[in-house]
Engineer: 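Quick one: structure below, then a few questions.
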Amino acid sequence: QVQLVESGGGLVQAGGSLRLSCAASGRTFSSSGMGWFRQAPGKERELVAAINWSGGSTTYPDSVKGRFTISRDNAKNTVYLQMTSLKPEDTAVYYCAARAKAGLGFRTYEYDYWGQGTQVTVSS
């Protein structure tokens with residue numbers, strides 16, 4: 001079993017930055033692929049960033065590429081999402097997720113454990 005706890009969400013003006021953190025416990029974090037997803041009201045949950053077990057591979061959709069950066073610290077069992085140049089359309093609940101496998105995951109069904117989410121609101 002894996003427990004994931006997100007933090008760092010909040011209200012920010014357009015153009016601002018936020019850093020989300022996800023603390024993991026309960027399983028060997030360093031062998032898990034990790035991801036950040038978001039879900040806006042009335043929309044499906046979508047991937048915004050994923051990272052493999054070592055941090056050597058990452059992936060982003062075009063909507064956030066160049067603005068969001070995912071990273072991990074396996075010594076601290078923590079994964080981060082640095083968000084810059086935020087836009088109102090980035091407003092959503094952001095979820096951290098962990099895989100039972102070490103590689104990148106691109107779809108929600110590839111993830112086995114989920115945090116409860118943290119709200120990010122970007123005002124115009």
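We're numbering straight along the sequence, starting at 1. Just so you know, these numbers use all the heavy atoms, side chains as well, and skip hydrogens, waters and symmetry mates.
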Engineer: Test of understanding: with side-chain contact (heavy atoms from CB on, under 4.5 Å), list the residues that count as partners of Glu46, not counting sequence neighbours.
Structural biologist: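 Residues passing side-chain contact (heavy atoms from CB on, under 4.5 Å) with Glu46: Arg38.
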
Engineer: My understanding is that only residues two or more places apart in sequence, or in another chain, count here; which of them pass salt bridge (Lys or Arg N to Asp or Glu O under 4.0 Å) with Lys76?
Structural biologist: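 Result, salt bridge (Lys or Arg N to Asp or Glu O under 4.0 Å) vs Lys76: none returned.
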
Engineer: Under 4.5 Å between any side-chain heavy atoms of Trp114 and Thr108, yes or no?
Structural biologist: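 Side-chain contact under 4.5 Å: yes.
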
Engineer: Side chains of residues 56-63: which donor-acceptor pairs under 3.5 Å do they make with residues two or more places apart or in other chains?
Structural biologist:
{"residue": "Tyr60", "atom": "OH", "partner": "Ile70", "partner atom": "N", "Å": "2.9"}
{"residue": "Asp62", "atom": "OD1", "partner": "Lys65", "partner atom": "NZ", "Å": "3.4"}

Engineer: Indicate the atoms forming the closest heavy-atom contact of Leu81 with Tyr94, along with that distance.
Structural biologist: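 Of all heavy-atom pairs spanning Leu81 and Tyr94, the closest is CD2-CD2, 4.2 Å.
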
Engineer: Could you tell me whether the side chain of Arg67 and the main chain of Met83 form a donor-acceptor pair under 3.5 Å?
Structural biologist: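 Pair absent, no side-chain N/O of Arg67 close to backbone of Met83.
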
Engineer: Which residue pairs satisfy the salt bridge (charged side-chain N to carboxylate O under 4.0 Å, His left out) criterion with at least one member in residues 50-61, sequence neighbours excluded?
Structural biologist: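 Applying salt bridge (charged side-chain N to carboxylate O under 4.0 Å, His left out) to every pair that reaches into residues 50-61, excluding sequence neighbours, yields nothing.
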
Engineer: Measure across Gly105 and Ala50 and return the closest heavy-atom pair with its distance rounded to 0.1 Å.
Structural biologist: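 Heavy atoms of Gly105 and Ala50 come nearest at O-CB, 3.5 Å.
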
Engineer: Any side-chain heavy atom of Ile51 sitting closer than 4.5 Å to one from Val79?
Structural biologist: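 They are in side-chain contact.
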
Engineer: Give every residue pair that meets the disulfide bond (SG atoms under 2.5 Å apart) criterion with at least one member in residues 39-92, sequence neighbours excluded.
Structural biologist: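 Residue pairs passing disulfide bond (SG atoms under 2.5 Å apart), neighbours aside: none found.
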
Engineer: Taking only residues two or more places apart in sequence or in another chain, which ones pass side-chain hydrogen bond (donor to acceptor under 3.5 Å, both in side chains) with Tyr111?
Structural biologist: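 Partners of Tyr111 by the side-chain hydrogen bond (donor to acceptor under 3.5 Å, both in side chains) criterion come out as none, since no residue qualifies.
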
Engineer: Output the distance between atom CD (Glu6) and atom CH2 (Trp36), rounded to the nearest 0.5 Å.
Structural biologist: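 The CD atom of Glu6 sits 5.5 Å away from the CH2 atom of Trp36.
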
Engineer: Determine whether Ser32 and Met34 make a side-chain contact, defined as any pair of heavy atoms from C-beta on separated by less than 4.5 Å.
Structural biologist: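 Result yes, sub-4.5 Å side-chain heavy-atom pair found.
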
Engineer: Report the distance from atom OH of Tyr80 to atom OG1 of Thr69, rounding to the nearest 0.5 Å.
Structural biologist: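 Reported to 0.5 Å precision, the distance equals 14.0 Å.
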
Engineer: Please examine the side chains of Asp90 and Phe68, heavy atoms only from C-beta on, and report whether any two atoms are closer than 4.5 Å.
Structural biologist: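 Yes. Closest side-chain heavy atoms under 4.5 Å.
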
Engineer: Ignoring hydrogens and angles, write down the donor-acceptor pairs under 3.5 Å from the side chains of residues 8-21, residues two or more places apart or on other chains.
Structural biologist:
none

Engineer: Would you check if the side chain of Asp112 reaches a backbone N or O of Arg99 as a donor-acceptor pair within less than 3.5 Å?
Structural biologist: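 Side chain of Asp112 to backbone of Arg99, a donor-acceptor pair under 3.5 Å: no, none is there.
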
Engineer: Going hydrophobic residue to hydrophobic residue with side-chain gaps under 4.5 angstrom, can you get from Phe37 over to Leu4?
Structural biologist: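 Different hydrophobic clusters.
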
Engineer: Can you list the residues that meet the side-chain contact (heavy atoms from CB on, under 4.5 Å) rule with Trp53, with sequence neighbours excluded?
Structural biologist: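 With sequence neighbours excluded, Trp53 shows a side-chain contact (heavy atoms from CB on, under 4.5 Å) to Ala102, given in chain and number order.
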
Engineer: Of all residues at least two apart in sequence or in a different chain, which pass the side-chain hydrogen bond (donor to acceptor under 3.5 Å, both in side chains) check with Asn74?
Structural biologist: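 Checked Asn74 against side-chain hydrogen bond (donor to acceptor under 3.5 Å, both in side chains); matches are Arg72.
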
Engineer: Does anything in residues 66-114 pair up under disulfide bond (SG atoms under 2.5 Å apart), and if so which pairs, sequence neighbours excluded?
Structural biologist: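 As it turns out, the disulfide bond (SG atoms under 2.5 Å apart) pairs with a partner in residues 66-114, which skip direct neighbours, are Cys22-Cys96.
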
Engineer: Quick one: list whatever passes salt bridge (Lys or Arg N to Asp or Glu O under 4.0 Å) with Arg107, sequence neighbours left out.
Structural biologist: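 Not a single residue meets the salt bridge (Lys or Arg N to Asp or Glu O under 4.0 Å) criterion with Arg107.
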
Engineer: Looking only at atom types and distance, does a side-chain atom of Thr91 sit under 3.5 Å from a main-chain N or O of Val122, one as donor and one as acceptor?
Structural biologist: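 Pair found, side chain donor or acceptor close to backbone of Val122.
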
Engineer: Glu89: which residues meet the side-chain hydrogen bond (donor to acceptor under 3.5 Å, both in side chains) condition with it, sequence neighbours left out?
Structural biologist: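 Per chain and number, Glu89 pairs via side-chain hydrogen bond (donor to acceptor under 3.5 Å, both in side chains) with no residue.
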
